[in-house]
Q: 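What follows is a structure written as structure tokens; I'll ask about it next.
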Amino acid sequence: MVTSPRSTPTGTGSARGGTGKVRYAILAVLFTGIAINYVDRATISVAMPFMSDELGLSDAVGGVVLSAFFWTYAAGQMPGGFLADRLGPRKMLLIASLLWGLSTMAMGLAWGVASLIVLRLVLGIGESPAFPASAQVVSRWFPRSERSFASATFNNGNPVGATLSVPLVALAIATLGWRWAFVLAGALGVVWALVWWKFYREPREHPRIGAAELAHIEHDQEAEVPPGEVVSWGQLFRFRAVWAMMIGFFCVNFVAYFFITWFPTFLVKTYGLSLLKFGFYGMIPGIASMIGGWCGGLLSDHLVRRGVSLTVARKIPLVGGLLGTSVIALAVISPSMGVALTALSASYFCSTFAAASVWALPADFAPTPGHVGSLGGIQNTAANIAGIVSPILIGVITGLTSSFALPLLIAGGVALTGAAVYAFLLPPVRRLRLG
């Protein structure tokens, strides 16, 4: 069901100088925020060798400090999504980015293990609402026919931020020291919070939007929910769609976290690469993942505009992407590094190809616009459980077998499981209704 365009607010329209592209400016700011989000969380990974020397951290203790972020980040997804629905994305992302920026800056003052762990826990709390609130922004500023590309764009802040963090943080450490590297990285989050608060408004409240763009955004937005159909937060778990979203995203992230955690070790140990060569070859899967996200989003949106049902338009990238992601298993039987790197790059490309539609699903299924953040937080909780399980499982099995063969075969099997979940467990894509 769709709504007809609502009446244009007084003063909105071409007379106010609307360009017709305000939604893309909003998306660019959102993408930048997610990229900064990842720079802030990754700063400690680059700084750890220098911090360890000064603070006397063992490898085991360093591992605990690194993992502490995920304890609160995973636990904070559902409450973060719930609060995003209650406060709205403007307030929620302001609070979140101030919290993650200031906690990152404070790490420059850390004096020992306890302070580092506490600050990493605070950082996890601060960053946990970012993705649910971003999905909420996309649902409000983009019609269904553009949401997959918009979702892919903010999600691509992940690999962009992770890639940029290495040279930027390394440069800051080399010139100013590791403490100032945290201060500068955190300051980016604080500055972004102020820009976001100044620039972001709801579509009908934004001073720069024109009548044509507002009508375009609203022409296929979701209908208002009839009285008596209100769905509580707890009732969301009654729906098969919600469980399919959770299990499917778990499978997507199970593979993706291999690239974030164990991929450098795999490449260096398996093929004996120098640091310089790894720096070159190691970027290739990351670049492929950025391209994959945008391709998946463009394809899904193209299908919607061509009149294909929303179910088919979302399932083609989801199922096809996860089928392609399973080629990660081929890396273990590849005769050369070039072939292995090709398989890994194709796998990462396909993973983000699917993820574009993953982040469109909260808006597609939400019973009301006020449930988008909650659904985003619910599915991202499952995704981050995979982020905890995947590195540990791969590490344990690799240690026992002295090989990455079995872990990569398991990752390929998990990807195939995810494809089956989205193909057969995910119901037709439409607004969730009780009864």
Side-chain angles (χ1 to χ4, degrees), residues 21-47 69 72-73 76-77 80-81 83-84 87-109 119-120 122-142 150-169 171-172 176 180-203 205-208 290 293 359 373 376-377 380:
K21 299 296 182 183
V22 177
R23 65 192 185 281
Y24 290 108
I26 294 284
L27 184 60
V29 177
L30 191 63
F31 164 82
T32 303
I34 295 296
I36 292 172
N37 176 296
Y38 269 77
V39 170
D40 282 8
R41 78 171 66 173
T43 296
I44 195 170
S45 300
V46 182
F69 165 85
T72 49
Y73 184 69
Q77 291 298 315
L83 287 174
L87 299 178
R90 185 169 182 249
K91 290 181 181 178
M92 189 71 260
L93 284 173
L94 171 74
I95 295 169
S97 53
L98 284 175
L99 189 57
W100 88 58
L102 291 173
S103 61
T104 300
M105 294 179 72
M107 286 183 204
L109 303 174
L119 289 170
R120 289 288 284 177
V122 174
L123 179 65
I125 294 171
E127 294 201 358
S128 59
F131 276 81
S134 296
Q136 196 179 46
V137 172
V138 167
S139 74
R140 297 183 180 193
W141 269 93
F142 288 84
S151 298
T153 298
F154 82 69
N155 189 57
N156 266 355
N158 170 349
V160 170
T163 301
L164 289 177
S165 66
V166 176
L168 292 179
V169 175
L171 178 63
L176 299 171
W180 276 103
F182 280 108
V183 173
L184 294 176
L188 290 176
V190 173
V191 170
W192 184 86
L194 301 178
V195 172
W196 177 256
W197 181 256
K198 177 69 175 178
F199 186 66
Y200 184 82
R201 297 290 188 279
E202 296 302 316
E205 300 170 358
H206 205 288
R208 299 185 184 181
M290 298 178 205
W359 276 110
N380 211 29

Q: Taking the cut-offs as 6.0 angstrom to the six-membered ring centre and 45 degrees off its axis, would you call Arg90 and Trp196 a cation-pi pair?
A: no
Q: Only pairs under 3.5 Å count here: list side-chain donor-acceptor contacts from residues 26-37, not counting sequence neighbours, and write none if there are none.
A:
from: Thr32; atom 1: OG1; to: Ala28; atom 2: O; distance (Å): 2.8
from: Asn37; atom 1: OD1; to: Arg41; atom 2: NE; distance (Å): 3.4
from: Asn37; atom 1: OD1; to: Arg41; atom 2: NH2; distance (Å): 2.9

Q: Going by the angle between their ring planes, with limits at 30° and 60°, are Trp100 and Trp192 parallel, tilted or perpendicular?
A: parallel
Q: I'd like to check Arg23 versus Pro203 (side-chain heavy atoms, cut-off strictly below 4.5 Å). Are they in contact?
A: no
Q: Measuring only between side-chain heavy atoms, which start at C-beta, is Phe142 closer than 4.5 Å to Tyr24?
A: yes
Q: Answer whether the closest heavy-atom distance between the side chains of Val183 and Leu176 falls below 4.5 Å.
A: no
Q: Rounded to the nearest 0.5 Å, how far apart are CE of Met290 and CG of Asn155?
A: 11.5 Å
Q: Using ring-ring contact (aromatic ring centres under 6.0 Å, His included) as the criterion, list what pairs up with Tyr38, not counting sequence neighbours.
A: none
Q: What are the two closest non-hydrogen atoms of Met105 and Ala187, and how far apart are they?
A: CG-N, 3.6 Å
Q: Can you name the nearest heavy-atom pair linking Pro132 to Gly373, along with the distance?
A: CB-O, 3.3 Å
Q: To the nearest 0.5 Å, how far apart are CG in Leu194 and CG in Leu94?
A: 7.5 Å
Q: Taking all non-hydrogen atoms of both residues, which atom of Gly161 and which atom of Val39 are closest, and how far apart?
A: O-CG2, 3.5 Å
Q: Step by step, would you call His206 with Tyr200 a ring pair (Phe, Tyr, Trp, His ring centres under 6.0 Å)?
A: CA-CA 8 Å; His206 205 288; Tyr200 184 82; 7.8 Å; no
Q: Please report the closest heavy-atom contact between Thr43 and Ala185, naming both atoms and the distance.
A: OG1-CB, 3.5 Å
Q: For residues Ser97 and Ala193, report the shortest heavy-atom separation together with the two atoms involved.
A: OG-CB, 3.0 Å
Q: Can you find a pair of side-chain heavy atoms, one from Arg120 and one from Met107, that are under 4.5 Å apart?
A: yes
Q: Can you name the closest pair of heavy atoms from Gly293 and Ala152 and give their distance?
A: O-CB, 2.9 Å
Q: Can you check whether Phe182 reaches Ile44 side chain to side chain, under 4.5 Å on heavy atoms?
A: yes
Q: Taking the side chain as every heavy atom from C-beta outward, state whether Tyr73 and Asn380 have any atom pair closer than 4.5 Å.
A: yes
